[in-house]
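Here is the structure we will look at, set down as structure tokens.
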Amino acid sequence: MNAPVLIDTIGLGQLIKLLQKKGYQVMGPTVRDEAIVYDTLDSINDLPQGWTDEQEAGHYRIKKRDDNAYFGYVVGPHSWKKYLHPPRRRLWRAEQKDGEVDIIPESAESTRFAFLGVRSCELHAITIQDEVFIKGPHVDNDYRLRRENALIIAVNCTQSAPTCFCVSMNTGPKAESGYDLVLTEILENNIHHFLVQAGSEKGLELLGELDPRPAKESDISKAEKGIEQAAQQMSRSMKTDGIKELLFENLEHPRWDEVAERCLSCANCTMVCPTCFCSTVEDVTDITGDHAERWQRWDSCFTMDFSYLHGGSVRSSTKSRYRQWMTHKLASWIDQFGSSGCVGCGRCVTWCPVGIDITEEVRAIENAGSKTSTPSQGGKE
Amino acid sequence: MAERSKPKVAVWKFASCDGCQLSLLDCEDELLAVAEEIQIANFPEASREVIEGPYDVSLVEGSVTTPHDRERIQMVRKSSKVLITIGACATAGGIQALRNFKDVKDFINTVYANPEFIDTLDQSTPIADHVKVDFELRGCPINKMQLVEVINAFLNSRKPNTPPHSTCIDCKLEGNVCVMVAQGTPCLGPVTHTGCGALCPTYNRGCYGCFGPKETPNTNSLSSWLKQSGANDDQMMRAFRGFNAWSEPFRKESESHD
């Protein structure tokens with residue numbers, strides 16, 4: 001919607017200050033507990049400058065870079081869903097007095113977040129959660145409000161991790177839409193600046209206050225080259241053509257038994273997944289019983305409680321739970337929400353404590369060929 | 001609300017360190033509210049006053065390790081409408097269940113000058129091996145807030161919120177970075193019942209499994225991974241032979257490395 005411009009590192013610092021001045025709580029990447037996590041940023045100094053991440057299945061380490069890049073890492077253990085769809089949230093309270101029960105709704109959340117450093121895969125993940133929480137017949141108003149108030153500053157990836165597979169999911173590495181501003185970090189020799197482009201009126205307005213310089217053709221091509229490099233580096237890929245049919249035709253494939261032998265059903269994959277949206281509710285009371293609250297918290301299809309119906313869990317075997325997660329994520333999600341539930345960020349691969357790789361699981365089923373067999377005997381699994 | 005009668009609550013100690021029952025006294029802010037709503041009928045750690053049974057609720061701490069306790073737990077069960085076991089000793093046999101892997105007579109002969117005075121059982125066993133248990137609260141020690149939650153749920157006739165899933169879920173709800181993936185620290189979190197609020201990983205340590213096995217624990221896969229990452233059989237045996245060593249999933253796993 002506008003010509004790309006340049007800001008330098010001072011400009012990046014000013015951007016954070018400007019957002020704070022406008023009343024945003026600026027959230028972004030920072031180093032904590034030996035990882036690059038998302039947290040509140042007070043200033044540019046909180047960014048993980050000079051750090052990168054090393055990732056493999058079940059493995060993550062941060063390492064010092066040999067340059068001063070601010071965004072020279074990929075994605076970490078956190079995703080933006082922790083702000084838009086918080087892990088725990090009170091839904092309502094109730095007070096009992098003189099035999100009367102008063103229901104007290106929760107006041108709408110009004111925090112205005114500015115997310116700095118949102119990657120292309122994460123933009124897609126946010127769009128997917130929008131589909132779940134806003135676009136369907138049952139709107140989650142809390143999510144909607146947080147989402148509408150949020151400002152998004154995307155960052156194009158100029159490198160990828162071995163766990164990334166956004167190219168095959170068609171979700172990156174270049175941010176195409178869904179942002180207010182998008183930055184591409186350009187760092188070579190003594191040059192350190194960011195190519196910036198607005199993606200919304202709000203973004204354009206912000207840019208105007210930053211006093212950017214016009215970008216030259218060579219800056220644009222350097223930025224493009226960086227993004228191209230991220231795509232080139234990507235070694236993992238996911239088969240997407242006909243994946244729905246592949247998985248649905250192989251519900252009894254022996255590979256599910258094999259993965260169940262490794263799967264811990266610990267739920268880490270679903271917790272770190274930026275699109276997994278399931279939650280449960282817990283009712284709490286105080287000791288007197290005069291005050292009650294209903295809380296929502298993240299849940300996972302890997303727990304027994306998740307599929308608990310009268311008499312027991314529908315999916316008591318780990319095999320059935322892994323299969324439920326993967327077939328929903330990659331196949332039935334398409335019918336339900338119009339796209340895959342996977343954005344290729346690789347978090348489930350990295351943060352699986354025993355390194356189970358969703359792309360490898362799909363490939364194993366694909367390579368072994370279709371093995372349709374009779375459906376399992378319901379309750380036995 | 002209508003005045004409800006105060007349930008009579010008894011606290012019993014079997015073979016244990018008292019840490020779990022002390023959690024009740026450690027409730028501080030909540031203790032007064034709890035004391036308002038229940039009648040403490042038998043709680044030697046707190047009061048010498050003993051009110052005779054039957055009791056509405058018995059909280060049982062400790063495991064059964066002597067012939068005397070084996071009889072006593074039957075009496076406790078008979079005099080209790082609801083029996084809740086608290087802590088790893090009562091639910092899994094506790095650290096003292098390490099005797100179960102050896103010959104207890106060897107220990108007695110080594111430790112005591114007059115072994116003939118010692119009358120003990122070969123094994124330390126959980127309460128549920130002896131009598132019907134209505135609810136088990138895990139942990140070494142239990143989480144005091146979970147204890148309040150269980151009493152609270154009982155008082156208000158609702159289900160306690162003490163989910164049986166992995167400790168990992170609580171780590172992730174807290175926003176913790178996985179110590180195993182990001183630092184290579186061995187952690188039992190993926191096979192351990194939640195309840196502590198992911199205490200150790202929150203302080204950058206691996207989980208010791210104090211709350212025992214979670215629902216459907218895959219200990220074999222976790223130890224295979226840890227061994228690939230450099231742990232040896234002795235380390236794996238010890239990892240699973242802690243406070244919940246005698247719980248079946250942990251026992252089988254430790255035995256496979258013995």
Side-chain angles (χ1 to χ4, degrees), chain A residues 32-39 53 55 58-62 76-78 82 87-88 96-99 260-268 270-272 280 282-290 292 295 297-300 302-306 313 316-318 321 350-356, chain B residues 1-2 4 30 32-38 148-149 151-153 155-161 163-185 187 189-192 194 201-204 214-222 224-226 228-229:
Chain A
R32 195 185 77 205
D33 295 334
E34 301 185 39
I36 294 165
V37 299
Y38 296 150
D39 210 334
D53 47 16
Q55 304 195 42
H59 175 93
Y60 177 99
R61 294 290 183 279
I62 50 168
H78 291 176
K82 72 171 183 161
R88 289 192 185 93
Q96 180 174 247
K97 209 177 172 189
D98 306 324
E261 277 181 29
R262 297 171 62 209
C263 176
L264 303 171
S265 69
C266 61
N268 275 306
T270 56
M271 297 285 123
V272 295
T280 185
E282 282 177 347
D283 292 340
V284 296
T285 51
D286 70 351
I287 295 269
T288 63
D290 291 335
W295 283 75
R297 75 158 164 81
W298 286 355
D299 198 6
S300 167
F302 281 91
T303 71
M304 290 280 274
D305 277 350
F306 186 86
S313 282
S316 56
S317 71
T318 299
R321 282 177 258 163
T350 299
W351 298 98
C352 173
V354 292
I356 296 172
Chain B
M1 83 182 271
R4 62 185 178 204
E30 298 77 17
L32 287 177
V34 172
E36 284 281 305
E37 302 293 327
I38 62 175
V148 172
E149 168 64 11
I151 295 171
N152 185 337
L155 287 168
N156 292 296
S157 308
R158 64 172 175 83
K159 183 173 160 268
N161 294 310
H165 57 232
S166 71
T167 300
C168 300
I169 291 188
D170 281 56
C171 247
K172 290 292 186 281
L173 294 175
E174 293 301 321
N176 289 344
V177 176
C178 179
V179 296
M180 196 156 130
V181 172
Q183 297 174 31
T185 306
C187 179
V191 296
T192 298
T194 195
T202 303
Y203 290 94
N204 264 316
K214 78 171 188 76
E215 60 183 16
T216 64
N218 190 347
T219 53
N220 183 260
S221 170
L222 181 65
S224 302
W225 180 267
L226 290 173
Q228 268 176 42
S229 315

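Lettering follows sequence order; numbering is per chain, from 1.
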Going from [atom1] on [X] to [atom2] on [Y], what distance comes out if it is rounded to the nearest 0.5 angstrom?
{"X": "Thr288(A)", "Y": "Asn156(B)", "atom1": "OG1", "atom2": "CG", "result": "7.0 Å"}
{"X": "Arg262(A)", "Y": "Leu222(B)", "atom1": "CZ", "atom2": "CG", "result": "13.0 Å"}
{"X": "Lys82(A)", "Y": "Leu173(B)", "atom1": "NZ", "atom2": "CG", "result": "12.0 Å"}
{"X": "Cys171(B)", "Y": "Met271(A)", "atom1": "SG", "atom2": "CE", "result": "11.5 Å"}
{"X": "Leu264(A)", "Y": "Asn218(B)", "atom1": "CG", "atom2": "CG", "result": "5.5 Å"}
{"X": "Thr285(A)", "Y": "Asn161(B)", "atom1": "OG1", "atom2": "CG", "result": "9.0 Å"}

If you define the side chain from C-beta out and look only at heavy atoms, does anything of [X] sit under 4.5 Å from [Y]?
{"X": "Thr350(A)", "Y": "Val181(B)", "value": "yes"}
{"X": "Ile169(B)", "Y": "Thr270(A)", "value": "no"}
{"X": "Lys214(B)", "Y": "Ser265(A)", "value": "yes"}

N/O donor-acceptor pair under 3.5 Å between [X] side chain and [Y] backbone:
{"X": "Glu215(B)", "Y": "Met304(A)", "value": "yes"}
{"X": "Asn268(A)", "Y": "Lys172(B)", "value": "no"}
{"X": "Trp225(B)", "Y": "Pro353(A)", "value": "yes"}

If you count heavy-atom pairs under 4.5 Å between each of [options] and chain B, which one has the most?
{"options": "Ala35(A), Gly58(A), Ala267(A), Pro77(A)", "answer": "Gly58(A)"}
{"options": "Asp305(A), Asp286(A), Val272(A)", "answer": "Asp286(A)"}
{"options": "Gly355(A), Gly76(A), Ala292(A)", "answer": "Gly355(A)"}
{"options": "Ile62(A), Asp33(A), Thr318(A)", "answer": "Asp33(A)"}

Engaged part of [X] at the chain B interface, taking heavy atoms whose separation is under 4.5 Å:
{"X": "Val37(A)", "value": "side chain"}
{"X": "Asp283(A)", "value": "backbone"}
{"X": "Glu261(A)", "value": "backbone"}
{"X": "Arg32(A)", "value": "both"}
{"X": "Ala260(A)", "value": "backbone"}

Q.
Before you tell me yes or no, could you show the steps for Ile287(A) and Val148(B) under side-chain contact (heavy atoms from CB on, under 4.5 Å), namely the whole-Å CA-CA distance, both residues' side-chain angles and the distance that decides it to 0.1 Å?
A. CA-CA 8 Å; Ile287(A) 295 269; Val148(B) 172; 4.0 Å; yes
Q: Among the options Ser157(B), Cys168(B), Ala182(B), pick out the one with the most heavy-atom pairs lying under 4.5 Å from chain A.
A: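 The option with the most such pairs is Ala182(B).
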**Q.** Atom group of Gln183(B) that falls short of 4.5 Å from chain A, counting heavy atoms
**A.**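 Contact with chain A: backbone and side chain both.
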Q: Heavy-atom distances under 4.5 Å only: say whether Leu155(B) touches chain A with side chain, backbone, both or neither.
A: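 Only the side chain of Leu155(B) comes within 4.5 Å of chain A.
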Q) Between Arg88(A) and Glu174(B), does at least one N-O distance fall below 4.0 Å, as a salt bridge requires? A)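 Looking at Glu174(B) together with Arg88(A), the answer is yes, because their closest N to O distance falls below 4.0 Å.
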Q | Minimal non-hydrogen separation, Cys266(A) against Ser166(B), with atom names | A |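 Shortest heavy-atom separation between Cys266(A) and Ser166(B) comes out as O-OG, 2.7 Å.
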Q: Would you name the heavy atoms of Thr216(B) and Ser316(A) that are closest together and state the gap between them?
A: CG2-O, 4.0 Å
